[in-house]
Every structure is written in C-alpha cells, then in structure tokens.
Amino acid sequence: MKKIWQRCLLTVLIGLLHVGANAQDKKDKEQTYIMECPYEVQNITPPQGKKVKNVILMIGDGMSLMHMYSAWTANRGKLYLDNCQAVGLSKTYCANRLITDSGAGGTAMATGQKTNYHSVGVDTLGHPLKSLVDLANAKGKSTGIAVTCRLWDATPADFCCHNVDRDKEEEIIADYVNSPADYVFGGGARLFEKRKDGRNIFQELNEKGYKTPRSWNELDTIRSGKVFAVPYPADTPIPSERGDLLARASLKGIELLDQNKNGFFMMIEGSQLDDYGHFNDLNLLMQETHDFDRTIGAIYKWAAKDGETLVIVTADHETGGLTLVDGNLKEGKIVCKFSTGGHSGVMVPVYAFGPGFQEFTGIYENTDIFNKIKKILEL
C-alpha cells in the first residue's frame, strides 16, 4: 500500500510539474503520437427492442470530438465508439461562467440544473439537489458509479454528494455516507480514514451495510450486496499500469446492480482524460482515451446482449483545447497542439447506443441529458 501511495504521489507531482514548468512550453507546440499496438474493434449489433430497463451514462472527463477523432486516427480508423446509433451535441456553460468545470458540468447532467462553477450536487443558492442516483433509487432501481479518479473529485461527487465548493474534499467524502448508491468504485482511500475530524468513513459505511473491499482481488470475490470499493489512496494508476481496470470495475458493478429485477442506473467515468489535457500530455491523453474506448466496447457488448440497456457516452466539458493538425491514418500517427492548460468552451458530443437512442440527436443543453434519462426511466 505504501508503494502504491508513493507511486500515486509521484504521479501527482509529475503532473504538477507538467502544469507549472512545462505546460507553457507545450502549449501551441506540436506533439506527435504514434500508436504502436492498435487494438481490434468488433462491430456490435445493437438490440432491436424498445424497452429500457437500465441506463449507463459514461462520461469522458474533458473529452471532445477532437479527442475521439485523434484516438480514432491513432488506432488506424477504428473505435468501439463508432458502434453508436445516434450523436448529439451538448452545451456545457454553467450558471455563472461560460467556461464550466467538472463540478458544474457534471451537476447539470446529474440533476438537471445548471449551477455555479466549482459546485457539486447543489443549486446556485447551495441547496442540495436530487441526482439520477437518488431518483433511480427512489424508483426501486439499483445505482452505482465507477471512476478512475479519487472519489472526492468533482464528477463522482456530482452524483452522490452536495457541496458549494468541490475543494472541500473531506466534507465531500463524508457525504458519501448519505448517498443511496449501491456500488461505488474509485480512488481516494486516504480521506476515508485518519481524517482531521477523527471519523472513519469505511467503518460508517460498514455500519450501513456496505462491504468495503480495499483491493481488486477482494472486490472480485464479492457476488452480491452493497459495495464501496476504494483500492487506491488517491487516483487509480496510469493506464499502462492499471490495464483494463475501468472495464473490469464497471462490469463488476453491472454484475451486482443487474441482480435487481427493477433495473439500474450507473455512471462510469474515464476521469483522467481531464488530467492529461490539463498537463498537455498527448501521450498519456491518448492512452487514457483508448482505455475509455475499450471500456465503451465492453459496456456496449454487455448492453447488446442484455437488450434492455441504453448506453450514453458524453463529456462534461473539453480540456486542453486539443487540435489535430497533421498525421497519417495508415501509420496511426497524429500531430496535435494544445491551446490551453485549462478548459475550453466548445460543445461536446453525446453518443447513444441501445433502446431510446433516438432521444439524443440534435443540439441541446447539458441539463437535457438528465431530462432525457429521467423521461426514459420514468423517474
């Protein structure tokens, strides 16, 4: 555990060095990436029925059309995302700024209300909002989230917690005790115990009936019940070290949630696309984007077999101002530039696969993603 924490800390420090010392050097300069080992992509036949029992919302944090087209080029013109049946565009601005963050952007999708920059799960006055996790639970459905970031980060908190400031990390972690989510997977164990307030959040979750596995091997043995899995002190490892962890953690959650005959709602996030966009690191950004695409493939395959599951893939905003300026499709080569170390204001894509996909064409507010899911699941 100590070595894992040291590696996580080293990753964070390297990232900070990227942002501080090197981001300005990288901005506006061309970076080249060649994918040495492209992966195969299968055509996935979508289900033909119309009934929607389950909804899986997949969020690529900071992901734009340019991210996906760059990833498509690097993988020689193939992505699992290409199996989607419909594409729309989402407007990402928040209540008090044109350029949003993951707090406000995720809250809009989770609750159907635009809120202030840096807020999570609350309205512009700071009042708690009901999220899709809350509403699906009230309808008798199971609910869950799986992310590659620390659980005090904005996007998972948008669906499970309430705070006017996403930087109040210990408060956000403590608020998970009040969430009805049945399955949670992510990083951030160091703020669950040895806290300034003396609380042990793992113990409190145990008392509420959750199993709290602290490793993948421990999680993998669980066959039923409520699960809160936090195997890492902070973020999960980088893509080359963690392998297909996001896909495995997501499918494990689906295995548990699908035991409910009433169905489920689940949010899955490819979290670290945002980090590598901020760092202006094209290499790691493409690794994370391809990992997210392979996770999309695993989820699409499960949904196609299930027949009653709608999968929506989108983003909360764009990060890095990524531009594809050159490349070679046959070689899997891309040449890109970043225009910022922060977020940009472009609309982001929304992809839909499965029954109900027709609802997601067109151009609409990010809050409409919530409204469409609410309508489809009759929440």
- Query: Between atom NE2 of H290 and atom CE of M35, what is the distance when rounded to the nearest 0.5 Å?
  - Reply: 4.5 Å
- Query: So, E269 and S271: side-chain donor and acceptor under 3.5 Å apart, yes or no?
  - Reply: yes
- Nearest-0.5 Å distance that lies between atom CZ in F292 and atom CD in Q272: 12.5 Å
- Message: When you compare the side chains of Q85 and Y351, does any donor N or O come within less than 3.5 Å of an acceptor on the partner?
- Response: no
- Examine R150 relative to Y232 and say whether NZ or CZ is less than 6.0 Å from the centre of the six-membered ring and inside a 45° cone about the ring axis. no
- Provide the closest heavy-atom pair for R199 versus A174 in the form atom of the first, atom of the second, distance. NH1-CB, 3.5 Å
- Message: Set out, in order, the CA-CA distance, both residues' side-chain angles and the distance that settles salt bridge (charged side-chain N to carboxylate O under 4.0 Å, His left out) for R190 and E169, then state yes or no.
- Response: CA-CA 11 Å; R190 69 178 178 85; E169 297 168 352; 5.0 Å; no
- Is atom OH of Y117 surrounded by more than 12 heavy atoms (other residues, nucleotides or ligands) closer than 6.0 Å? yes
- Query: Under the 3.5 angstrom rule, does the side chain of T314 hit a backbone N or O of P349 as a donor-acceptor pair?
  - Reply: yes
- Are I173 and L151 side-chain neighbours, meaning at least one heavy-atom pair lies under 4.5 Å? yes
- Item | Sole candidate of V346, T361, I363 that passes side chain to side chain contact (heavy atoms under 4.5 Å, CB included) when paired with L89 | I363
- Task: Assess whether side chain to side chain contact (heavy atoms under 4.5 Å, CB included) is satisfied between S90 and I369, documenting all intermediate values.
- Result: CA-CA 8 Å; S90 168; I369 294 172; 4.2 Å; yes
- Query: Are any side-chain N or O atoms of T340 and backbone N or O atoms of G342, one a donor and one an acceptor, separated by less than 3.5 Å?
  - Reply: yes
- Item | A108 backbone acceptor or donor facing T111 side chain under 3.5 Å | no
- Message: Could you tell me if the side chain of T32 sits less than 4.5 Å from the side chain of I334, heavy atoms only?
- Response: no
- Between the side chains of D235 and T148, does any donor sit under 3.5 Å from an acceptor? no
- Message: I'd like to know if the side chain of R195 and the backbone of E170 have a donor-acceptor N/O pair within less than 3.5 Å.
- Response: yes
- Using only heavy-atom distances, determine whether the side chains of N283 and Q287 contain a donor-acceptor pair under 3.5 Å. yes
- Message: Once rounded to the nearest 0.5 Å, what's the spacing between atom CG of D61 and atom CG of D274?
- Response: 4.0 Å
- Message: With heavy-atom distances below 4.5 Å as the criterion, would you say the side chains of I145 and C160 are in contact?
- Response: yes
- Give the ring-plane orientation class for F265 versus F159, where under 30° counts as parallel, over 60° as perpendicular and anything between as tilted. parallel
- Item | Ring centroid separation F228 to Y176 under 6.0 Å | yes
- Calculate, to the nearest 0.5 Å, the distance between atoms OG and CG belonging to S142 and N260 respectively. 3.5 Å
- Query: Is a donor on one side and an acceptor on the other found under 3.5 Å between the side chain of E241 and the backbone of P237?
  - Reply: no
- Query: Can D316 and T100 be said to form a side chain to side chain contact (heavy atoms under 4.5 Å, CB included), step by step?
  - Reply: CA-CA 8 Å; D316 45 3; T100 194; 6.0 Å; no
- Is the side chain of D175 donor-acceptor paired with the backbone N or O of H162 at a distance under 3.5 Å, no angle test? yes
- Query: Under 4.5 Å between side-chain heavy atoms, hopping through other hydrophobics if needed: is there a path connecting V311 to V348?
  - Reply: no
- Task: Examine I373 and F353 and state if one hydrophobic cluster contains both, with Ile, Leu, Val, Met, Phe, Trp and Tyr joined whenever side-chain heavy atoms are less than 4.5 Å apart.
- Result: no
- If every non-hydrogen atom of A146 is compared with every non-hydrogen atom of S250, which pair is closest and at what distance? CB-OG, 3.9 Å
- Between the side chains of H67 and S70, does any donor sit under 3.5 Å from an acceptor? no
- Which of W72, Y80, Y39 passes side-chain hydrogen bond (donor to acceptor under 3.5 Å, both in side chains) with D293? It is Y39
- Query: Any donor and acceptor pair, going by atom type alone, linking the side chain of E308 with main-chain N or O of D306 inside 3.5 Å?
  - Reply: no
- E288/R242 ion pair, N-O < 4.0 Å: yes
- Message: Using ring centroids (six-membered ring only for Trp), state whether H343 and H278 fall under 6.0 Å.
- Response: yes
- Task: Look up atom OH in Y364 and atom NZ in K91, then write down how far apart they are to the nearest 0.5 Å.
- Result: 11.5 Å
- Message: So which atom in G277 and which in N280 form the shortest heavy-atom distance, rounded to 0.1 Å?
- Response: O-ND2, 2.8 Å
- Between D220 and N217: side-chain donor-acceptor atoms closer than 3.5 Å: no
- Task: Inspect the contact between D101 and R166 and indicate whether a charged nitrogen and a carboxylate oxygen are less than 4.0 angstrom apart.
- Result: yes
- Is D165 salt-bridged to K168, going by a charged N under 4.0 Å from an acidic O? no
- Item | Beyond-backbone contact of V184 with V227, side-chain heavy atoms, under 4.5 angstrom | no
- Is it true that E40 and K78 have a side-chain N and a carboxylate O under 4.0 angstrom from each other? yes
- State, without any angle test, whether Q113 and D123 hold a side-chain donor-acceptor pair at a distance under 3.5 Å. no
- Message: Regarding R248 and D244, does a basic nitrogen lie under 4.0 Å from an acidic carboxylate oxygen?
- Response: yes
- V122, L132: one ILVMFWY side-chain cluster at the under-4.5 Å cut-off? no
- Taking the side chain as every heavy atom from C-beta outward, state whether V313 and V350 have any atom pair closer than 4.5 Å. no
- Heavy-atom donor-acceptor pair, K333 side chain to G327 backbone, under 3.5 Å: no
- Aromatic ring proximity, centroids under 6.0 angstrom, Y183 and F264: no
- OG1 on T309 to NZ on K53, rounded to 0.5 Å: 8.5 Å
- Item | hydrophobic_cluster_shared for V55 and L257, side chain cutoff 4.5 Å | no
- Message: Quick check against the 3.5 Å criterion: does D368 have a side-chain atom that pairs as donor or acceptor with the backbone of N371?
- Response: no
- Message: For the NZ atom on K208, are there more than 12 heavy atoms of other groups (residues, nucleotides or ligands in this structure) within a distance under 6.0 Å?
- Response: yes
- Item | Cluster overlap V133 with Y210, hydrophobic side-chain contacts below 4.5 Å | yes
- Side-chain donor-acceptor pair present, T143, N137, cut-off under 3.5 Å: no
- Item | Check against side chain to side chain contact (heavy atoms under 4.5 Å, CB included), N54 and D258 | CA-CA 9 Å; N54 316 305; D258 191 46; 4.1 Å; yes
- Query: Do the side chains of L256 and R223 get nearer than 4.5 Å, heavy atoms only?
  - Reply: no
- Heavy-atom side-chain contact between S64 and Y69 under 4.5 Å: no
- Query: Considering only heavy atoms from C-beta outward, does the side chain of N116 approach that of C94 to under 4.5 Å?
  - Reply: no
- Check: E255 side chain, Q259 main-chain N or O, donor-acceptor pair, under 3.5 Å: no
- Y93 six-ring centre to K114 NZ/CZ under 6.0 Å and within 45° of normal: yes
- For G307 and P355, which heavy atoms make the closest approach, and how far apart are they? O-CG, 4.0 Å
